[in-house]
Amino acid sequence: MPELPEVETTRSGIAPFAVGHVIEQVIVREPRLRWPVPSQLAIEARGQRILSLSRRAKYLLFGLVNGTIILHLGMSGSLRVLSAPTAVLAHDHVDIVLDSGVTLRFNDPRRFGSLLWTHDDPLQHPLLRSLAPEPLSEEFDGAYLAKAAKGRKVAIKQLIMNSQVVVGVGNIYASEALFRAGIRPRRAAGRLKTVEFDTLVKSIKQVLREAIRQGGTTLRDYVNPQGMPGYFRQKLFVYERGGEPCRVCKTPIRQLVQGQRSTYFCQECQH
Ligand SMILES: [Zn+2]
């Protein structure tokens with residue numbers, strides 16, 4: 001599943017091809033995504049210039065003069081930049097054709113992605129307005145996380161993956177951040193020390209920033225805009241390394257299931 005760094009990589013990879021260009025047409029081949037693509041979208045977007053391409057959580061926001069296209073990649077979606085006519089493949093559901101000759105093509109085999117339209121402030125859209133803070137924002141700091149954890153028995157890993165606490169920290173980055181912070185994923189959130197909240201928040205930001213710099217991690221079904229794999233995977237300390245030696249102390253990485261997701265940690269490096 002594309003996580004926040006993959007979505008940010010998509011945003012920064014696509015922005016130079018999109019921003020400033022006029023949408024000639026939007027071709028919707030398959031409107032049955034997670035929510036139906038509104039028929040209004042193609043009509044409204046036609047002839048409009050893309051003024052901005054921003055991101056909130058894992059939503060990409062194409063800011064047009066008259067409204068905003070809200071795009072979510074879902075579990076398996078990708079957005080490719082095509083500079084020449086290219087045969088339509090299976091699951092190529094939507095094309096955004098630009099006046100430059102470039103087409104932004106949305107492919108999504110599992111159709112959990114979405115493409116929506118709003119005339120209003122996109123941050124007030126029902127899907128976006130109650131989202132928790134961005135992990136890379138100043139608002140997300142040790143004190144904020146400590147407050148969210150106060151008195152709670154939930155595992156710290158579950159807490160940082162809870163999108164009502166902070167958005168965009170998925171399984172990979174939660175596992176890696178906890179390793180770097182030296183904190184075991186199953187510890188009760190409310191029992192962490194003040195300094196551990198600070199360290200953990202710093203680790204989350206560091207891990208996300210590194211992943212963004214390296215173009216995301218690239219899971220099975222994710223390809224970044226240039227079709228190149230992300231390089232972050234080579235730097236993972238624990239994620240999907242069950243049984244392999246810890247890169248720091250050589251102890252085999254432990255794997256367990258936590259909240260229906262695999263969790264990985266080193267019992268020597270994490271306490
Ligand atoms: Zn270790």
Side-chain angles (χ1 to χ4, degrees), residues 1-9 58 133-136 140-163 165-222 224 229-271:
M1 179 179 346
E3 293 202 24
L4 189 143
E6 285 80 6
V7 179
E8 180 58 27
T9 300
K58 294 201 283 183
E134 288 285 323
L136 295 174
F140 181 63
D141 62 10
Y144 170 90
L145 191 60
K147 197 176 164 202
K150 196 167 184 199
R152 297 187 63 178
K153 293 196 180 95
V154 64
I156 185 63
K157 179 163 177 259
Q158 305 301 116
L159 188 82
I160 59 175
M161 287 179 65
N162 181 343
S163 61
V165 173
V166 58
V167 298
V169 183
N171 200 14
I172 301 174
Y173 302 106
S175 300
E176 293 297 309
L178 284 161
F179 175 82
R180 292 181 189 211
I183 297 167
R184 288 198 186 180
R186 284 192 291 188
R187 284 197 35 210
R191 304 288 294 273
L192 266 64
K193 302 187 191 86
T194 305
V195 62
E196 289 179 308
F197 287 115
D198 291 339
T199 307
L200 180 54
V201 165
K202 277 190 195 127
S203 298
I204 291 171
K205 289 177 192 268
Q206 191 184 52
V207 115
L208 289 173
R209 283 205 186 98
E210 281 177 25
I212 289 167
R213 243 189 338 260
Q214 290 164 28
T217 304
T218 301
L219 297 185
R220 289 155 283 278
D221 42 15
Y222 176 76
N224 76 16
Y231 291 98
F232 191 71
R233 174 164 286 275
Q234 299 166 12
K235 299 263 181 134
L236 297 175
F237 282 98
V238 290
Y239 186 76
E240 289 193 341
R241 296 195 67 244
E244 291 176 45
C246 172
R247 296 196 202 278
V248 174
C249 74
K250 308 281 190 276
T251 303
I253 298 298
R254 286 195 56 188
Q255 176 176 0
L256 52 90
V257 174
Q258 187 181 13
Q260 285 109 48
R261 309 288 298 273
S262 280
T263 283
Y264 306 86
F265 69 100
C266 173
Q267 56 186 352
E268 289 301 316
C269 294
Q270 291 169 262
H271 302 282

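When a ligand or atom number is given, it counts from 1 through the structure's own listing order.
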Side chains of Thr251 and Glu268, donor plus acceptor under 3.5 Å: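 Distance-only check fails for Thr251 and Glu268.
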Could you walk me through whether Phe140 and Val201 pass side chain to side chain contact (heavy atoms under 4.5 Å, CB included), step by step? CA-CA 8 Å; Phe140 181 63; Val201 165; 3.9 Å; yes
Quick check for you: within a radius under 2.8 Å, how many protein N, O or S atoms neighbour the Zn ion (ligand 1)?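 Counting protein N, O and S atoms closer than 2.8 Å to the Zn ion (ligand 1) gives 4.
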Tyr264 side chain near Leu236 side chain, heavy-atom distance below 4.5 Å: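 The answer is no, as the side chains (C-beta and beyond) never meet within the 4.5 Å cut-off.
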Side chain proximity check, Leu178 to Ile160, heavy atoms < 4.5 angstrom: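 SC-SC contact between Leu178 and Ile160 confirmed.
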Tabulate below the donor-acceptor pairs under 3.5 Å that side-chain atoms of residues 187-195 make, not counting sequence neighbours, or state none.
{"residue": "Arg187", "atom": "NH1", "partner": "Glu196", "partner atom": "OE2", "Å": "3.0"}
{"residue": "Arg187", "atom": "NH1", "partner": "His271", "partner atom": "O", "Å": "3.0"}
{"residue": "Arg187", "atom": "NH2", "partner": "Glu196", "partner atom": "OE1", "Å": "3.0"}

Has Tyr144 got a side-chain atom pairing as donor or acceptor with Val165's backbone, closer than 3.5 angstrom?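 Yes: the side chain of Tyr144 pairs with the backbone of Val165.
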